[in-house]
Amino acid sequence: MAGEFDLIARYFNWPAQGEGVSLSVGDDAALLSVKAQHQLAISVDTLVSGVHFPVNTHPADIGHKALSVNVSDMAAMGAEPRWFTLALTLPEYNTAWLEGFSAGLKQAADDYGVDLIGGDTTRGSQTITVQIMGEVTPAAALKRSAAKLGDVIFVTGTLGDAAAGLALAQGDSSIYASGEKRAYHDYCIQRLNRPTARTVESRIIRQYAHACIDVSDGLLQDLMHVLKASQCGAVINTDDIPFSEALSSLHPPEQCLQYALTGGDDYELLFTVPDDQCDGFIKAMSEQQLSCQAIGYITDDAEQIINQYSHLLTATGFQHF
Ligand code: ADP
Ligand code: MG
């Protein structure tokens, strides 16, 4: 048992920096204060080795990603991320792994300005669960169910990079070239292993958008969640889906599109903005040099997205319909 407490003290106990933490790691529970007029937003995500990341992923990347994917949920909710807990199941006390993991996690905590306020540590097959807590005013919360007829559909950043990175990380050597393409490969793998939660973008998006979701399972599947919750349809102009220079240099357009539509792990935000708010929104984003791209609009025909893309869904082996 001494080992467990030593492990927590050594790797997962650093001073809280934010407000709102009265009591952190070390007691039976943490004590937190939520700001007046705000609601507590809570979400949890588990990463299983070999399922959510390749088994040979660097521990610092795992630590960083475990927090980033959770912070991404806060960004998608329009919430300000504040605190997190960590439930860690490990097969052994591996100091090299723990050092790397802890460093990556701490780096992400600093990047996003969130505090580790507790957790649980057990022995077993490697599983990493992070629960994130954030604050949001009821008016700013970006629900999946809030898309409205005529809203313009936007995405942040670029899509498809992480899926291309996964193909590389899984050793698809047919597309792993040396020389000049190496930088593009590294970029896509970096996008897989070190996703950036779009917290900065979220602060602007929450002032303009109706509905929002983070793209973790591919554009189509995540868009479908919004459409289903909002009981509407959508038209997507596939020519407008943003690809990185790396992705479009490595792959023909159809392959880029397949990665973007049905790949996962991009952690960009997809959201809908009322038509008459778009000019103000685009201006606010560009003033902060934040990238976003309109890719379509919301319709009142709930069948529309499925009909329009049924050929692509079959062609790409997308199984959900
Ligand atoms: P309890 O027996 O009350 O559940 P634990 O022995 O599980 O307490 O944990 C002791 C303290 O260490 C608690 O404050 C808990 O939140 C914290 N803790 C345990 N594991 C971790 C971890 N992996 N990361 C951060 N804090 C942790
Ligand atoms: Mg416990």
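Keep in mind that what you see is a predicted model, and the values were worked out from it rather than measured. In listed order, ligands and their atoms are each counted from 1.
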Give a yes or no on whether the ring-centroid distance for Y208 and F271 is below 6.0 angstrom. no
When you look for heavy atoms under 4.0 Å from ligand 1, do you find them on the side chain of D27, its backbone, both, or neither?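 Within the 4.0 Å criterion, D27 contacts ligand 1 through backbone atoms alone.
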List every atom of ligand 1 that sits less than 4.0 Å from any heavy atom of [X], numbering the atoms from 1 in the order shown and giving each element.
X    : value
V25  : 12 (O), 14 (O), 17 (C), 26 (N)
E4   : 6 (O)
D28  : 3 (O)
D120 : 7 (O), 19 (C), 20 (N), 21 (C), 23 (N)
F12  : 23 (N), 24 (N), 25 (C)

In terms of side-chain geometry, is the basic nitrogen of D115 or R82 positioned less than 4.0 Å from the acidic oxygen of its partner? no
Which of these, T127, T121, T122, sits in a side chain to side chain donor-acceptor pair (under 3.5 Å) with T89? T122
Gap between atom CE of M133 and atom CD1 of I42 - 0.5 Å precision: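 It is 6.0 Å, given to the nearest 0.5 Å.
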Out of curiosity, L219 CG to T262 OG1, how far, rounded to the nearest 0.5 Å?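 Output value for this atom pair is 10.0 Å.
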Check the orientation of F101 and W97. Use parallel for under 30°, tilted for 30 to 60°, and perpendicular for over 60°. parallel
Strictly under 4.0 Å, does any heavy atom of F5 approach an atom of ligand 1?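 Yes.
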Below 3.5 Å, N or O to N or O, backbone or side chain included: is there any such pair between I8 and ligand 1? no
Under 3.5 Å: N/O of L88 near N/O of ligand 1: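 No, there is no polar N/O contact under 3.5 Å.
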Cluster link V226 to V152, ILVMFWY, side chain under 4.5 Å: no
Pick, from I128, T121, I117, the option with the minimum heavy-atom distance to atom 23 (N) of ligand 1. T121
